[in-house]
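Quick note: residue numbers are just sequence positions, from 1.
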Amino acid sequence: MSGDIRRALVASPTPAARAAEERLRAVYDFAPIEAADMVVALGGDGFMLQTLHAMLEARRILPIFGMNLGTVGFLMNEWRLDGLDQRLAKAKSFKVNPLRMTVDTVDGEQFSIPAINEVSLLRETRQTAKLEVEVNGRIVLPELVCDGVLVATPAGSTAYNLSAHGPILPLGSALVALTPISPFRPRRWRGAILPEATRIRFAVLNPVKRPVSAVADQREVRDVAQVEVRIDRTTPLTLLFDPEHTLDDRIAAEQFIA
């Protein structure tokens with residue numbers, strides 16, 4: 001291993017990622033993740049999110065360099081066996097502040113869960129959800145009738161948020177996107193772009209008749225009564241990218257894809 005940087009290697013359980021892991025371990029030295037200074041992750045965006053969430057849960061945050069062996073791979077670099085030491089030495093780092101979702105359920109339970117891409121509220125049945133939307137203590141929408149609503153970070157703005165016709169946010173813009181999912185009332189409301197310091201609260205109107213779930217990336221809490229979302233600056237995450245393949249460039253390029 002070159003220099004004093006100890007790197008760990010993790011891979012998704014897919015055959016392609018496991019095969020790539022074997023090839024890398026045959027060429028390079030890797031440390032156990034408990035003793036590492038950084039992580040190389042093999043897989044797709046979903047595996048990258050799982051790895052970042054595992055770090056948040058363990059409260060040990062390491063820089064992470066992903067190589068794409070999944071589908072879209074928006075958060076990943078190109079897979080290559082050769083030149084790993086040089087790529088890591090030249091990699092450009094990006095700080096990403098996750099969201100923090102605080103949930104109160106109908107049964108009185110409370111959960112606090114981080115999200116790197118987005119927090120989404122989704123109807124659980126065929127009936128639409130009815131939500132009250134509050135921003136920094138002020139009710140801005142007394143009743144939003146919809147399939148759901150989401151809050152996305154810049155890193156997540158090209159994921160579910162974009163599919164719901166939300167805006168693409170440049171990395172480093174210090175903004176979040178508030179985007180409705182199939183809104184019925186008010187029909188003309190298409191969402192908002194808000195400073196990342198904004199505190200957003202959703203209250204579920206008639207949560208028993210019209211149940212709603214809350215999802216932080218891939219973790220779901222069902223039958224929620226209210227959800228508060230805000231940026232968590234206490235646990236910034238560091239993503240590493242090849243200089244020619246940086247995340248901010250990819251976000252900008254997404255705005256010109258037909």
Residues V229, V227; criterion side chain to side chain contact (heavy atoms under 4.5 Å, CB included); working and verdict: CA-CA 7 Å; V229 182; V227 179; 4.0 Å; yes
Starting from the C-alpha separation in whole Å, work towards a yes-or-no answer on side chain to side chain contact (heavy atoms under 4.5 Å, CB included) for V133 and I139. CA-CA 6 Å; V133 182; I139 296 174; over 6 Å; no
Look at R219 together with E57 and state whether they make a salt bridge at an N to O cut-off of under 4.0 Å. yes
Roughly how far, to the nearest 0.5 Å, is the CD atom of E228 from the CZ atom of F202? 10.5 Å
Could you measure the distance from the CD atom of E132 to the CG atom of L144? Nearest 0.5 Å is fine. 11.0 Å
In terms of side-chain geometry, is the basic nitrogen of R185 or E143 positioned less than 4.0 Å from the acidic oxygen of its partner? no
Quick one: do E22 and R18 make a salt bridge, cutoff under 4.0 Å? no
Rounded to the nearest 0.5 Å, what separation is found between the CZ atom of R222 and the CG atom of D107? 12.5 Å
Could you go step by step and tell me if S213 and E220 meet the side-chain hydrogen bond (donor to acceptor under 3.5 Å, both in side chains) rule? CA-CA 7 Å; S213 66; E220 179 184 29; 3.2 Å; yes
Would L75 and L49 satisfy side chain to side chain contact (heavy atoms under 4.5 Å, CB included), going step by step from the backbone distance to the final call? CA-CA 9 Å; L75 298 174; L49 291 176; 4.1 Å; yes
The side chain to side chain contact (heavy atoms under 4.5 Å, CB included) partner of F65 among L239, L88, T238 is L88
Between the CG atom in D45 and the CG atom in N117, the distance rounded to the nearest 0.5 Å is 7.5 Å
Answer yes or no: is there an ion pair linking E196 with R233, defined by an N-O contact shorter than 4.0 Å? yes
T128 vs R123, test: side-chain hydrogen bond (donor to acceptor under 3.5 Å, both in side chains). Steps then yes/no. CA-CA 6 Å; T128 56; R123 64 183 174 96; over 6 Å; no
Do the side chains of R7 and D85 get close enough for a salt bridge, i.e. N-O under 4.0 angstrom? yes
Nearest heavy-atom neighbours spanning S93 and L240: CB-CD2, 3.7 Å
Minimum heavy-atom separation for A159 and E118, please, with both atom names. CB-OE1, 4.2 Å
Is there a side-chain contact between I64 and M55 in this structure, where contact means two heavy atoms from C-beta onward sitting under 4.5 Å apart? yes
Straight-line distance of M101 CE to F111 CZ, nearest 0.5 Å: 9.0 Å
Side chains of V106 and P207 in contact at under 4.5 Å (non-hydrogen atoms): yes
Assess whether side chain to side chain contact (heavy atoms under 4.5 Å, CB included) is satisfied between L24 and L81, documenting all intermediate values. CA-CA 7 Å; L24 281 170; L81 177 64; 3.8 Å; yes
Heavy-atom pair with the smallest gap, counting every atom of A216 and P114: CB-O, 3.5 Å
Donor-acceptor pair, side chain of D232 and main chain of T234, under 3.5 angstrom: yes
Once rounded to the nearest 0.5 Å, what's the spacing between atom CD of E109 and atom CG of D223? 10.0 Å
Is any side-chain heavy atom of D147 closer than 4.5 Å to a side-chain heavy atom of L122? no
Return the minimal non-hydrogen interatomic distance between V103 and A214, and the atom names on each side. CG2-CB, 4.2 Å
R60, CZ: over 12 other non-hydrogen atoms inside 6.0 angstrom: yes
